[in-house]
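Here the structure is laid out as structure tokens; the discussion comes afterwards.
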There are 2 protein chains.
Amino acid sequence: MSDAYGKLLERMKDLGRLDAIEALLDWDQQVNMPPGGVEGRAEQLSLIAGLAHEWKTSDEVGQLLSEAKSDNGEFAATTNIREMARTFDRASRIPTELVKKIAHTTALAQNAWQTARAESDFAKFAPWLTQLLDLKRQEAEHIGYETEAYDALMDAFEPGAKSADVEALFKSLRDATVPLVKAIAEAPNPPDSSILTRHYSPSTQQTLSRAVAELLNFDFNQGRTDVSVHPFCTTIVPSSDVRLTSRYEENFLPAGMFGTMHEVGHGLYEQGLLKEHMFTPMGSAVSLGIHESQSRMWENMVGRSRAFWDFYYGHVQKTFPDVLGSVALDDFYRAVNTVSPSLIRVEADEVTYNLHIVLRFELEREMLSGRLAVKDVPTAWNEKMRDMIGIVPPDDARGCLQDVHWSMGAFGYFPTYALGNLYAAQFFEQASKDIADLPQRIAANDHAPLLGWLRENIHQHGQRYRAGELVEKITGKPLSIAPFVTYTKEKFSKVYQLA
Amino acid sequence: MSDAYGKLLERMKDLGRLDAIEALLDWDQQVNMPPGGVEGRAEQLSLIAGLAHEWKTSDEVGQLLSEAKSDNGEFAATTNIREMARTFDRASRIPTELVKKIAHTTALAQNAWQTARAESDFAKFAPWLTQLLDLKRQEAEHIGYETEAYDALMDAFEPGAKSADVEALFKSLRDATVPLVKAIAEAPNPPDSSILTRHYSPSTQQTLSRAVAELLNFDFNQGRTDVSVHPFCTTIVPSSDVRLTSRYEENFLPAGMFGTMHEVGHGLYEQGLLKEHMFTPMGSAVSLGIHESQSRMWENMVGRSRAFWDFYYGHVQKTFPDVLGSVALDDFYRAVNTVSPSLIRVEADEVTYNLHIVLRFELEREMLSGRLAVKDVPTAWNEKMRDMIGIVPPDDARGCLQDVHWSMGAFGYFPTYALGNLYAAQFFEQASKDIADLPQRIAANDHAPLLGWLRENIHQHGQRYRAGELVEKITGKPLSIAPFVTYTKEKFSKVYQLA
């Protein structure tokens with residue numbers, strides 16, 4: 001290890017520690033903080049964000065990077081230097097004052113958005129959205145881009161992704177999805193999803209969720225679960241202190257059940273990063289799209305599979321004997337795989353989910369470019385809902401106010417959800433080839449083979465490979481919609497007994 | 001406001017924000033963190049402590065201080081500059097590396113101490129105690145002192161306090177306490193404290209505790225309560241996000257009940273600091289001794305008073321009808337004021353409590369000076385317990401391992417507990433003169449007059465007055481043991497029907 005790299009590694013780790021402290025401030029705001037704390041918390045977040053930014057972009061780091069780059073080190077060093085240089089390059093273009101301003105504004109905007117959503121009053125959030133769009137436009141201009149500002153922002157979540165490519169991918173995905181949705185809508189014998197909207201005690205759901213998390217090998221010695229309004233997964237100490245949240249709806253079992261499996265998927269990725277690379281890029285996730293592939297795989301390809309319920313339904317039935325006692329396994333399995341147009345993204349089925357993302361992707365690009373004014377967002381949202389999904393929200397709470405992301409200034413984040421679905425299908429197709437008896441293992445409550453496969457092929461590498469490289473390395477092919485289309489067609493043709 | 005003071009104020013606030021972030025890392029470690037997080041948390045705490053130290057002692061702050069000192073500003077500025085200079089002067093003497101090492105070691109040592117205490121195995125904690133004593137001795141040498149190293153450490157908790165003065169005060173306190181304890185021990189009709197060790201459901205206790213906190217005007221909009229192994233109060237955002245913890249023992253009602261009142265006392269002080277001075281010395285507590293005066297006043301002078309129970313006993317009786325249904329108010333009141341030798345400091349009665357402090361004060365001075373070897377601490381502890389309190393712990397868990405402080409490296413902290421008792425008595429004597437019908441107000445469940453008195457006389461001033469000045473300003477006299485001795489003699493003569 002060269003002297004420069006050694007010093008750089010120390011700076012990297014300090015930065016990683018600081019980022020994780022920011023994650024704790026954020027987690028605490030969502031899980032614990034009393035209402036009075038919001039102003040002070042905004043100041044604390046701004047302080048830490050500004051500090052992290054200064055460290056990231058310091059002359060010292062720049063100097064160390066140029067010295068360390070000439071090293072021909074082993075791959076961990078190469079990866080860390082490459083990613084640190086990427087971070088340095090991107091961050092150096094943004095003024096610290098802007099970073100602090102964004103951190104401060106988003107902490108307050110999240111609060112305003114919560115109120116706006118609770119009261120379904122878009123006007124209460126609009127000024128914040130305007131302000132954040134302005135700040136993020138400034139950020140994009142500082143960073144620079146080839147064709148459009150949106151690329152500069154999306155790059156923070158999915159490094160290297162370009163709007164034009166995503167647009168083409170989403171177009172073919174939409175084209176493939178629409179006929180399937182149509183065929184399903186016309187199927188003569190749809191599942192009875194009303195069994196999922198009976199009364200399920202939240203405290204019992206919470207107990208069940210913990211059992212599910214344990215069953216999927218989430219390690220409670222290195223993590224915990226809590227309740228929050230918006231489920232999320234965050235890392236306070238990489239691989240050692242990983243925290244999930246869920247929410248439980250009294251009259252909708254899937255929200256807590258599959259929400260937990262989803263966050264567990266994220267959590268397993270974080271817990272699978274190598275401790276020896278803690279707080280450095282080699283010990284960090286590749287991208288949000290790859291992260292989402294992990295959550296969607298456990299939520300959908302495992303959690304909504306027939307194999308899983310072959311094993312687990314008896315237990316759930318016993319947990320809720322009054323509501324599920326007389327419901328057959330097959331009916332339950334079909335119910336949790338109901339496909340139908342819905343208002344809320346996080347509750348959407350596997351087939352229509354991506355349409356919710358395409359809608360957000362289109363709106364965000366229009367907002368950021370200024371083609372769509374903030375005041376017109378509710379109308380535009382509702383029109384796109386009607387055109388793409390076939391229903392119109394009765395209020396903005398269930399429309400354009402439903403997601404937290406814009407209040408976090410996270411424009412360019414949404415596409416990673418659909419990319420995650422595509423990555424997940426392509427990975428799972430390969431895992432099913434590599435683990436010959438995967439469905440049998442799942443039906444035998446043995447999740448170790450799949451987790452081992454993910455640990456070996458994805459988790460242990462940290463950021464060694466970029467998302468595109470990783471997909472090619474594991475599956476031998478670039479990312480495509482084909483595995484996802486095949487997966488959904490096969491699965492839902494059976495569920496809906498299509499010809 | 002001079003330019004230099006304006007800049008200094010900004011640095012002060014950033015420092016305050018950073019200190020509060022450190023408090024959140026610590027709170028989270030005690031309330032939420034999964035076991036796996038301990039190493040990473042130690043690194044985070046070390047990072048923030050080192051950073052805060054560098055900021056505190058930067059050349060920029062030194063320069064701004066010397067420029068701002070010549071200002072003749074209003075008292076807020078004078079206070080802030082004086083206290084910032086004190087902080088700067090003290091911190092500048094300590095190397096950053098030592099600060100980081102202490103923060104890192106104490107995070108791990110607290111973990112080791114928890115195990116040692118749970119297993120009552122002093123050997124598991126001894127190496128950490130040795131290491132921390134060594135580190136804190138180094139710190140004291142860097143800071144410097146006139147007569148003994150202990151003074152340099154105590155100064156961090158009770159600015160300006162000197163061992164020799166504390167020793168003299170404690171000697172007279174002990175001399176006054178021993179005859180009262182003796183008279184009480186010989187009283188023919190002691191209270192029946194066994195009613196407090198019946199079965200009290202922890203979850204019911206928790207509900208009751210919240211009600212008590214609300215009744216004493218703790219503001220849940222600017223704070224929260226949680227459960228932890230060791231009750232404490234911490235501030236995440238001054239006056240706006242103040243957090244208490246309690247613990248509930250199934251077979252000991254006072255631990256949760258009076259523990260909550262105690263922490264509420266701390267919390268009311270923190271919530272009473274002025275928002276406009278947030279994150280600066282003018283918006284910070286005077287000293288730990290003054291802080292403790294607030295907790296002890298609400299816990300003992302209010303919470304263990306006859307007036308309080310005249311109002312509240314009916315409610316508690318209804319909450320635990322099986323165990324308290326047939327217990328008379330007078331018997332309950334006498335039971336919660338039982339005086340008897342006990343092993344655990346935090347559960348000690350008002351009279352013998354200070355003897356536990358004198359014991360720790362003596363042992364700490366001996367340990368720090370090297371006159372007492374770490375391996376001999378358990379024996380020395382047990383001998384002093386026998387001599388001063390009259391009982392010997394059956395194991396180290398209930399002896400020298402009972403308190404968290406040494407694992408935090410907080411040598412010199414204990415004296416502030418006894419000082420707090422003395423301050424509390426002297427303040428309460430004055431408050432009882434200023435609020436003519438104070439006992440009647442308490443008995444009418446009206447705690448606003450006392451809280452208003454504390455807000456006006458203590459809370460609003462932040463660090464404007466040093467502890468000694470504050471006592472003189474409010475009571476017209478320097479701190480003495482007389483009010484405490486009078487208070488305990490009067491109260492317990494009645495409880496124990498002494499001649």
Side-chain angles (χ1 to χ4, degrees), chain A residues 10-11 13-29 31-48 50-52 54-55 100 104 218-226 235-244 267 270-271 275 278-279 283, chain B residues 10-11 13-29 31-48 50-52 54-55 100 104 218-226 235-244 267 270-271 275 278-279 283:
Chain A
E10 275 317 301
R11 298 307 285 159
K13 286 185 186 171
D14 275 351
L15 249 173
R17 288 172 191 130
L18 211 55
D19 285 343
I21 288 169
E22 200 176 339
L24 178 65
L25 289 167
D26 183 60
W27 175 86
D28 183 80
Q29 177 166 3
V31 176
N32 288 319
M33 195 184 75
V38 66
E39 284 281 352
R41 179 57 49 89
E43 291 176 11
Q44 290 172 328
L45 279 163
S46 171
L47 177 73
I48 295 292
L51 196 59
E54 276 172 8
W55 288 8
K100 294 179 74 167
H104 193 267
F218 182 76
D219 180 357
F220 280 89
N221 201 41
Q222 329 251 17
R224 54 180 281 131
T225 58
D226 291 274
T235 289
I236 310 300
V237 176
S239 81
S240 320
D241 182 357
V242 178
R243 304 186 184 184
L244 320 178
E270 290 290 317
Q271 289 185 336
K275 271 204 173 52
M278 188 194 280
F279 293 125
Chain B
E10 274 317 301
R11 300 305 287 159
K13 285 186 186 170
D14 276 350
L15 249 173
R17 289 171 190 130
L18 211 55
D19 284 343
I21 288 169
E22 200 175 338
L24 178 65
L25 289 167
D26 184 59
W27 176 85
D28 183 81
Q29 177 166 1
V31 176
N32 288 320
M33 194 184 74
V38 66
E39 284 280 350
R41 181 56 49 90
E43 291 176 12
Q44 290 172 328
L45 280 163
S46 170
L47 178 73
I48 295 292
L51 196 60
E54 276 171 10
W55 288 7
K100 293 180 73 168
H104 192 267
F218 182 76
D219 179 357
F220 280 90
N221 201 41
Q222 328 250 19
R224 52 180 283 132
T225 58
D226 291 273
T235 289
I236 310 300
V237 176
S239 82
S240 320
D241 181 358
V242 178
R243 304 187 183 183
L244 320 177
E270 290 290 318
Q271 289 184 336
K275 270 203 174 52
M278 189 193 280
F279 293 126

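Residue numbering restarts at 1 for every chain, and letters A, B, ... go by the order of the sequence lines. Hydrogens, waters and symmetry mates are skipped; everything else that's a heavy atom, side chains included, is used.
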**Complete:** The reported gap from CG in A/Leu24 to CE in B/Met33 (rounded to nearest 0.5 angstrom) is 10.5 Å

**Complete:** Scored by heavy-atom pairs under 4.5 Å with chain A, the best of B/Asn221, B/Val237, B/Ile21, B/Asn32 is B/Asn32

**Item:** Between CE on residue B/Met278 and CD on residue A/Glu39, distance to nearest 0.5 Å
**Value:** 7.5 Å

**Request:** Among the options A/Gln222, A/Lys275, A/Arg243, pick out the one with the most heavy-atom pairs lying under 4.5 Å from chain B.
**Result:** A/Arg243

**Portion of B/Val31 that has a non-hydrogen atom of chain A nearer than 4.5 angstrom** = backbone

**Asked** Considering only heavy atoms, which portion of B/Phe279 lies under 4.5 Å from any heavy atom of chain A: side chain, backbone, both, or neither?
**Response** side chain

I'd like a table of donor-acceptor pairs (distance under 3.5 Å, sequence neighbours excluded) in which one partner is a side-chain atom from residues 41-48 of chain A, with atom names and distances.
residue	atom	partner	partner atom	Å
A/Arg41	NE	A/Gln44	OE1	3.1
A/Arg41	NH1	A/Leu25	O	2.8
A/Arg41	NH1	A/Asp28	OD2	3.1
A/Arg41	NH2	A/Asp28	OD2	3.2
A/Glu43	OE1	B/Arg17	NE	3.0
A/Glu43	OE1	B/Arg17	NH2	3.0
A/Gln44	NE2	B/Ile236	O	3.0
A/Ser46	OG	A/Lys100	O	3.1

**Prompt:** What residues, two or more places apart in sequence or in another chain, satisfy salt bridge (Lys or Arg N to Asp or Glu O under 4.0 Å) together with B/Arg11?
**Reply:** B/Asp14, B/Glu60

**Asked** In terms of heavy-atom proximity below 4.5 Å to chain A, should B/Leu18 be classed as side chain, backbone, both, or neither?
**Response** both

**Asked** What pair of heavy atoms forms the shortest contact from A/Gly36 to B/Ser240, and how long is it?
**Response** O-CB, 3.2 Å

